[in-house]
Peer 1: 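I'd like to ask you about the structure that follows.
In this text, all values refer to a predicted model and were calculated from it rather than measured experimentally. Residues take their numbers from the sequence shown, with the count starting at 1.
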Amino acid sequence: MLALSGCSSWGCTDTTAERGKAGARVRVVDTEGQPLGVTAVVVDWSLEPHPQAPSAGDQVHFRFRFDGADEYSDPAVDACAVDKKRVTLGCKTVYSSRAFGPRDSPRTGDDWLAVELPEQVAGVLLIPNDQSHDRRTCEADIKDGGGTHPAEPPSRGDQL
């Protein structure tokens, strides 16, 4: 008996990958927990007003890098501002293709995280699970859907 894309003669099943351990430097992994050969790194971060919305007050400005990513892969990880207890204050997904560093250096870029209480930010952490590819769910495609999906993105208040 052959089973493809999470389907079998018994039906289609969806599962969700387990969230990996967050850090300032992480090895990006696929939905099965296997390394992709890419390392995502928080280069630095600061609190400052966003240039397009300075009246909103300080937000988290962070720089990130994807070592090992190339123009054919586009890994993505969730980046989160956290407090000293590693509780998320704000998160977003960052893609290696959005990093436009110099041609002769690793893929680097910057982004912003909006947080309600910037004074509580103690750091920016990355979650190693690749968020760039998600297969169709069984509900959306009973024939070819199903299988393991990326870990759920963190919500504000989750502890990493």
Peer 1: Would you call the rings of Phe64 and Phe66 parallel, tilted or perpendicular, taking 30° and 60° as the class edges?
Peer 2: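 Phe64 vs Phe66 ring planes: perpendicular.
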
Peer 1: If we ignore hydrogens and angles and just use 3.5 Å, is the side chain of Gln159 paired with the main-chain N or O of Lys85 as donor and acceptor?
Peer 2: yes

Peer 1: Would you compute the distance between atom CG of Leu113 and atom CH2 of Trp45 and round it to the nearest 0.5 angstrom?
Peer 2: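 The distance works out to 10.5 Å.
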
Peer 1: Could you tell me which residues satisfy side chain to side chain donor-acceptor pair (under 3.5 Å) with Arg156, sequence neighbours excluded, listed by chain and number?
Peer 2: Glu116

Peer 1: Quick one: pull up CG in Leu160 and SG in Cys91 and give me the separation to the nearest 0.5 Å.
Peer 2: 6.5 Å

Peer 1: Using side-chain heavy atoms (C-beta onward) and a distance below 4.5 Å, is Val87 in contact with Asp158?
Peer 2: no

Peer 1: With the 4.5 Å side-chain cut-off for hydrophobic clustering, are Phe62 and Val121 part of the same group?
Peer 2: yes

Peer 1: Under 3.5 Å, side-chain donor or acceptor atoms of residues 17-27 against the rest of the protein: list the pairs with distances, not counting sequence neighbours.
Peer 2:
| from | atom 1 | to | atom 2 | distance (Å) |
| --- | --- | --- | --- | --- |
| Arg19 | NH2 | Glu152 | O | 3.2 |

Peer 1: Looking at every heavy atom in both Asp78 and Pro153, which two are closest together, and how far apart are they?
Peer 2: OD2-CA, 3.6 Å

Peer 1: Is Arg63 salt-bridged to Asp110, cutoff N-O under 4.0 Å?
Peer 2: no

Peer 1: Report the C-alpha separation of Asp74 and Ser97 in whole Å, then their side-chain angles, then the decisive distance to 0.1 Å, and conclude whether the side-chain hydrogen bond (donor to acceptor under 3.5 Å, both in side chains) test is met.
Peer 2: CA-CA 6 Å; Asp74 190 16; Ser97 63; 3.0 Å; yes

Peer 1: Kindly determine whether Val124 and Cys80 satisfy side chain to side chain contact (heavy atoms under 4.5 Å, CB included), including the steps that lead there.
Peer 2: CA-CA 5 Å; Val124 175; Cys80 298; over 6 Å; no

Peer 1: Is there a path of hydrophobic side-chain contacts, each under 4.5 Å between heavy atoms of I, L, V, M, F, W or Y residues, that connects Val38 with Val94?
Peer 2: yes

Peer 1: Is any side-chain heavy atom of Tyr95 closer than 4.5 Å to one of Pro75?
Peer 2: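 Counting from C-beta outward, Pro75 and Tyr95 never come under 4.5 Å.
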
Peer 1: Leu126 versus Val42: any side-chain heavy-atom pair under 4.5 Å?
Peer 2: yes

Peer 1: Indicate yes or no: at least one non-hydrogen side-chain atom of Leu89 is less than 4.5 angstrom from one of Val82.
Peer 2: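 Not in contact.
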
Peer 1: Could you tell me whether a side-chain N or O of Thr88 sits under 3.5 Å from a main-chain N or O of Ser155, the two making a donor and an acceptor?
Peer 2: yes

Peer 1: Which residues pass the salt bridge (Lys or Arg N to Asp or Glu O under 4.0 Å) test with Glu119, sequence neighbours left out?
Peer 2: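 Not a single residue meets the salt bridge (Lys or Arg N to Asp or Glu O under 4.0 Å) criterion with Glu119.
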
Peer 1: Taking the side chain as every heavy atom from C-beta outward, state whether Val28 and Thr39 have any pair of such atoms under 4.5 Å apart.
Peer 2: no

Peer 1: So which heavy atom on Ala76 is nearest to which on Asp130, and how close?
Peer 2: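 Looking at all heavy atoms of both residues, the closest pair is N-OD1, 3.0 Å.
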
Peer 1: Any salt bridge between Asp111 and Lys92, counting N to O under 4.0 Å?
Peer 2: yes

Peer 1: Could you tell me whether the side chain of Val77 reaches within less than 4.5 Å of the side chain of Thr93, counting heavy atoms only?
Peer 2: no

Peer 1: For a 4.5 angstrom cut-off between non-hydrogen side-chain atoms, does Ser73 reach Leu36?
Peer 2: no

Peer 1: Parallel, tilted or perpendicular for Trp112 and His61, by the 30°/60° rule?
Peer 2: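 Judged by the thresholds at 30° and 60°, the geometry between Trp112 and His61 is parallel.
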
Peer 1: Would you name the heavy atoms of Pro54 and Pro51 that are closest together and state the gap between them?
Peer 2: CD-O, 3.6 Å

